[in-house]
Amino acid sequence: MDWSSFLPYPVDELPFVFLVLLLAFTVHEFAHAYLADKFGDPTPRAMGRVTLNPRVHLDWLGMIFFLIVGIGWAKPVLINRGRFKHPRAMGIAVSFAGPFSNLVLGFISLVFVYASHAYGWLDGMSPGVSSAVLTFLHWMVIQNIFLFILNLIPFPPLDGYRILEDVLPRPWAIKLQQYQQWLFYAVLLMFFIPPIRVVTLGPIFAWQNDILALFVAILKPIFGPLAF
């Protein structure tokens, strides 16, 4: 049986996707925890979250869901915005830090792809090893751009929703909180019902191509075109 037809990723590339998600989730949650700690909230450090140890940030159920349905989660970092000097502004920065870290990871990974071609870093490797490295970097670019966009969608429990809460006037934010449960169900419908996904999340995730094109526009003049 060809399981690839039932999974969001090719079966033979699942180990690469797993490693990519492990790194992406770890850096994402660390970014939240690190910035909150720097802004004066001791909660993440007290809970052992200011670390790049993947075991602290990984939620195995969330990882399994991501591998079999294409969406999942890590352990969220608990933040006490009341400990910030400027709760709303710093709250926005902490919420944005996670998605932004994924964007940076994606860009750095593409830099490695271009540099590997320009400087022949893979020339001395066997075809199998070279292919494995490029497959890993491919998923590092694609998945981190995806996570950047996904987490900025303004629906709970995503980071974009927390940013929206801090941006809105306080009475509006309080009113919005009353609909959190329904907004959560709405985002599930968007993901799992194809006709709804096409007209809602489809245009949003199409931005992946725009972001990738921007990265290429930055790197191509520096390293030259790719010719793997």
Side-chain angles (χ1 to χ4, degrees), residues 1-31 52 54-55 57-76 98-114 116-117 122 125-153 155 157-160 187-216 226 228:
M1 179 181 292
D2 182 12
W3 288 101
S4 296
S5 60
F6 299 98
L7 297 172
Y9 310 104
V11 172
D12 59 338
E13 295 183 7
L14 280 178
F16 297 102
V17 178
F18 173 82
L19 289 175
V20 165
L21 291 175
L22 191 68
L23 289 171
F25 285 162
T26 297
V27 173
H28 180 110
E29 299 303 334
F30 169 77
L52 286 170
R55 294 176 60 186
H57 303 294
L58 186 64
D59 184 307
W60 282 106
L61 182 60
M63 175 67 81
I64 292 170
F65 262 77
F66 220 119
L67 293 174
I68 64 175
V69 301
I71 183 174
W73 59 89
K75 292 179 181 176
F100 182 70
S101 72
N102 292 126
L103 186 67
V104 172
L105 276 179
F107 181 76
I108 292 174
S109 299
L110 192 58
V111 169
F112 271 94
V113 174
Y114 271 90
S116 297
H117 168 69
L122 305 180
M125 300 181 181
S126 68
V129 173
S130 176
S131 176
V133 171
L134 289 176
T135 299
F136 172 75
L137 290 174
H138 163 80
W139 285 114
M140 278 291 289
V141 174
I142 299 302
Q143 284 300 116
N144 276 289
I145 293 177
F146 173 77
L147 287 172
F148 168 72
I149 296 174
L150 170 66
N151 281 286
L152 287 180
I153 295 174
F155 282 85
L158 301 170
D159 296 318
V187 78
L188 289 180
L189 291 175
M190 291 180 196
F191 270 103
F192 294 112
I193 299 181
I196 298 178
R197 183 172 66 241
V198 167
V199 298
T200 56
L201 298 180
I204 294 174
F205 287 126
W207 293 346
Q208 293 176 90
N209 298 325
D210 297 326
I211 293 174
L212 183 58
L214 175 61
F215 286 176
V216 170
L226 291 174
F228 285 112

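Checking Val113, Leu105, Ile145 one by one against Met140, the side chain to side chain contact (heavy atoms under 4.5 Å, CB included) holds for a single residue, Leu105.
Considering every non-hydrogen atom in both Leu7 and Leu67, the closest pair reads CD2-O, 4.2 Å. Closest approach of Trp139 and Pro10 over heavy atoms only: CZ2-CD, 4.0 Å. Across all non-hydrogen atoms, the minimal contact from Leu22 to Met63 is N-CE, 3.8 Å. In this structure, Gly70 and Tyr9 approach most closely via the heavy-atom pair CA-OH, 4.1 Å.
The backbone N or O of Pro127 sits nowhere less than 3.5 Å from a side-chain atom of Ser131 that would complete a donor-acceptor pair.
Aromatic ring pairs are classed by plane angle as parallel below 30°, tilted from 30° to 60° and perpendicular above 60°; the pair Phe66 and Phe146 is perpendicular. The aromatic rings of Trp73 and Phe65 sit tilted relative to each other, their planes meeting at an angle between 30° and 60°.
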Worked verdict on Val20 versus Ile142 for side-chain contact (heavy atoms from CB on, under 4.5 Å): CA-CA 10 Å; Val20 165; Ile142 299 302; over 6 Å; no

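Note that OG1 of Thr26 is 12.0 Å distant from CZ of Arg55, once rounded to the nearest 0.5 Å. Between the OG atom in Ser109 and the CZ atom in Phe136 there is a gap of 6.5 Å [rounded to 0.5 Å]. Between Asn144 atom CG and Phe107 atom CZ the span is 13.5 Å, to the nearest 0.5 Å. Atom CG of residue Leu21 and atom CG of residue Leu58 lie 9.5 Å apart, to the nearest 0.5 angstrom. Distance check: Ile193 CD1 to Thr200 OG1 gives 9.5 Å after rounding to the nearest 0.5 Å. Note that CD1 of Ile108 and CG of Leu110 are 11.0 Å apart. Values are rounded to the nearest 0.5 Å.
The side-chain hydrogen bond (donor to acceptor under 3.5 Å, both in side chains) check on His28 picks up His32, Asn102, Asp159, with sequence neighbours excluded.
Put simply, the side chain of Ile204 does not reach to within 4.5 Å of the side chain of Leu152, judged on heavy atoms. Contact annotation: the side chain of Val216 approaches that of Tyr114 to within less than 4.5 Å [non-hydrogen atoms, C-beta and beyond]. Residues Val141 and Phe112 form no side-chain contact, since every pair of their non-hydrogen atoms from C-beta on lies 4.5 Å or further apart.
Around the CZ atom of Phe205, the shell of radius 6.0 Å holds more than 12 heavy atoms that belong to other residues, nucleotides or ligands. More than 12 heavy-atom neighbours from other residues, nucleotides or ligands sit within 6.0 angstrom of CZ on Phe155.
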